[in-house]
Structure formats: C-alpha cells, structure tokens
Amino acid sequence: MRVGNRLNSTIVRARMKRIAKTKTFTTKRQRTQKSTSGSSGQSISQLLSKLNANSGKTSSAEQLLANRTQTLLYSGMETAAERVEKRLGKFLKTDGTSVFDEEDETKLKENVTDHIESFVNDYNYLMKRLAQSGDIVDSNYAKKLKNYANAENKELREIGITIKGDGTLELDENKLKAADISQVKKLFTGEDGFAKKVSNLSGQIGKYAKEKVTELEKSSAQASSNYNRYARYANNSQSYNSSYYNNSYYNSKA
C-alpha cells in the first residue's frame, strides 16, 4: 500500500509541474502579444488604420492599384487629346500646308477623308476616357465637346458624321467622299469653327491629363513607401514573435 501511495504522489507531482509550466508559457505568450502591440507604440491594425486614413480609406496596396489604373487612363487621355489637337491642326493651318491646300482634287478628297476618319477615331477614344474617369472636370470637358458637336449637328450630318447618344461620332465614309469639299472646309477651318473649338479644348484636356498623371505618380510613390514600411514592420513583428514563441516553448520543455 505504501508503494502505491508513493507512486500516486509521484504522478501527482509530475502532473502539477506540467500544469505550472503550461501556465508559465501561456503567461509569457500573452505578455509578448502585449509587447508587440504596446511597446512599439502601435499595433498592426492601428498601423493599417493609419495608412487607410492617409489614402482615402483604402490600404496602400489598393491605393497603388487604383493609382496605376488611373494613371493608365489619364495617359491614354493625354495621348488622345494631343492626337485630336494635332489632327485638327492640319486642317487649320494657314501657311499653305493645310490638308485643303492640295491642288489635285482626287488626292484632296482622299487626304480629307483619311484625316477626318483618324480624327473621329481619336475623338471617340478621348470621349470614352473622359467618361471613364468619373472626375467632375473630365465630365465638364466631355459636356463641352458634346455641345460643340451638337451645335453643328446638321452640318456634320451633311458630310457623313452623326453624333451618337454617348457623345461619340460615327462616320459614313461614302457620304463624306460624296460631300461638297466646301462644306467640309467650312466646318474644319476658321477661327470660330467646330475644328478650332475642339482643338483648343483638346489642348486644355491634354494639359489637365498630364497634370493628373504627375499627381498620381507622386501619390503612388507615397503609397509604395507606406506599403513597404508596413511590410517591414509586419515581417519584423512576425519574426520576433516566432523566435520568442519557439524559445519559450523549448525552454518550457527543458
């Protein structure tokens, strides 16, 4: 009986030691968790909240993605605006090198048709980018372009250009080729004509789009810096936690 009692006492003492070690390990782990969120001055969740506050309620990674999308959109808008302005400039020249200064009538028709077709394609691309941005300034630009086209709706239709519901243009190439060249020239020349107004506005749009690209690139640089800083903080915290937990666990087993 005495042997049995001594055996039971040994088992109980061993069990109590294991329980004591488990409690010690748990307490140390809790202290470590408080340390990583308190001694550093801010927890990971607090850090994320801080980043969100600085980037319009989005994380730095989301901000970078949004900026990249917007940068591509405004880069395309800038290019389209420049192309529209440049294309119309070939009609508006007064130094004898205008598209309309071609003496051969057949070549004149071909050149005018080609340039107007290219203008319509660039114009439509520009209108679509303005509609996609969601920016109030871009919406106003799109509205002005539509107003310029609607003001010349009858004249544009007569040479084969119709205005669609979304403000883009549709070209009937055969009707354009059959149109009187004087009608086309009236629309695409002159200081107060359709082409001049669209050209001037395209110049403004291109400038604004370029400024937006610069602004977005600066924002991306800041978001990238915040993201990298958070990543280093998270990795260091994770490395420290793993090291501490492993050491505590093995020490508890010793």
Side-chain angles (χ1 to χ4, degrees), residues 48-93 99 114-153 156 161-171 187-188 193-231:
L48 282 173
S49 296
K50 193 172 183 180
L51 291 177
N52 289 342
N54 293 331
S55 58
K57 302 300 180 183
T58 61
S59 71
S60 293
E62 290 172 331
Q63 187 67 43
L64 282 169
L65 180 60
N67 284 356
R68 179 179 295 179
T69 301
Q70 287 292 91
T71 299
L72 289 173
L73 185 147
Y74 276 106
S75 294
M77 187 186 298
E78 179 187 359
T79 299
E82 289 176 349
R83 288 176 65 87
V84 169
E85 184 180 21
K86 184 178 180 181
R87 185 69 60 185
L88 293 177
K90 293 184 178 182
F91 291 105
L92 295 165
K93 286 183 176 182
V99 175
D114 289 343
H115 279 78
I116 289 181
E117 183 178 6
S118 296
F119 156 71
V120 168
N121 290 333
D122 293 333
Y123 180 95
N124 289 344
Y125 185 88
L126 176 59
M127 286 294 291
K128 290 175 181 177
R129 290 298 171 271
L130 290 170
Q132 289 174 349
S133 77
D135 185 283
I136 185 63
V137 176
D138 295 326
S139 296
N140 288 334
Y141 282 140
K143 186 176 181 180
K144 284 184 178 181
L145 286 174
K146 289 179 184 178
N147 288 341
Y148 291 156
N150 286 328
E152 306 289 347
N153 181 43
L156 287 170
I161 299 175
T162 55
I163 306 167
K164 299 171 70 174
D166 61 357
T168 57
L169 305 177
E170 186 172 16
L171 175 65
L187 274 169
F188 286 86
F194 170 73
K196 185 64 175 179
K197 291 178 181 177
V198 173
S199 177
N200 288 343
L201 187 58
S202 295
Q204 296 176 36
I205 295 172
K207 183 179 178 181
Y208 179 72
K210 186 175 182 178
E211 291 173 351
K212 290 291 289 185
V213 169
T214 301
E215 178 185 318
L216 286 163
E217 287 175 345
K218 289 181 180 178
S219 177
S220 294
Q222 181 61 46
S224 179
S225 177
N226 289 342
Y227 179 76
N228 290 335
R229 187 160 56 246
Y230 160 71

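Model, not experiment: these values are computed from the prediction.
- Residues Glu78 and Gly206 come closest through the heavy atom pair CG-O, 3.8 Å.
- One distance of note links CG of Leu145 with CD1 of Ile205; it measures 4.5 Å at 0.5 Å rounding.
- Of all non-hydrogen atoms in Ser199 and Leu88, the two that sit nearest each other are N-CD1, 3.7 Å.
- Residues that satisfy the salt bridge (charged side-chain N to carboxylate O under 4.0 Å, His left out) test with Arg83, not counting sequence neighbours, are Asp122.
- For Asp135, the salt bridge (charged side-chain N to carboxylate O under 4.0 Å, His left out) partners two or more places apart in sequence, or in a different chain, are Lys212.
- Looking at residues two or more places apart in sequence or on another chain, you find a side-chain contact (heavy atoms from CB on, under 4.5 Å) between Ala142 and Met127, Leu130.
- Rounding to the nearest 0.5 Å places OG1 of Thr69 at 9.0 Å from CG of Leu73.
- Annotation: side-chain contact (heavy atoms from CB on, under 4.5 Å) contacts of Ser75 (sequence neighbours excluded): Thr71, Val213.
- Here the closest non-hydrogen pair linking Leu169 and Asn124 is N-OD1, 2.6 Å.
- The heavy-atom pair separating Gly203 from Glu85 by the smallest distance is CA-OE1, 3.6 Å.
- Among residues two or more places apart in sequence or in another chain, the ring-ring contact (aromatic ring centres under 6.0 Å, His included) test is passed with Tyr123 by Phe119.
- In this structure, Ala149 and Leu156 approach most closely via the heavy-atom pair O-CD1, 3.6 Å.
- Note on residues 142-151: no pairs pass salt bridge (Lys or Arg N to Asp or Glu O under 4.0 Å), not counting sequence neighbours.
- Of the inter-residue distances, the one linking Asn121 atom CG with Leu126 atom CG reads 12.5 Å to the nearest 0.5 angstrom.
- Shown here are the side-chain hydrogen bond (donor to acceptor under 3.5 Å, both in side chains) partners of Gln132, two or more places apart in sequence or in another chain: Arg129.
- Not counting sequence neighbours, the partners of Lys164 by the side-chain contact (heavy atoms from CB on, under 4.5 Å) test are Asp166, Thr168, Glu170.
- Ring planes of Tyr74 and Tyr208: perpendicular class, angle over 60° (limits at 30 and 60°).
- Contact record, Ala80 with Tyr125: CB-CD2, 3.4 Å, taken as the closest heavy-atom pair.
- For the atom pair CD of Gln70 and OG of Ser219, the computed distance is 10.5 Å after rounding to the nearest 0.5 Å.
- Between Glu211 atom CD and Glu215 atom CD the span is 9.0 Å, to the nearest 0.5 Å.
- Checked against side-chain contact (heavy atoms from CB on, under 4.5 Å), Lys93 has the following partners two or more places apart in sequence or in another chain: Asp95, Thr97, Ser98.
- Atom CZ in Phe194 sits 6.0 Å away from atom CZ in Phe188 (nearest 0.5 Å).
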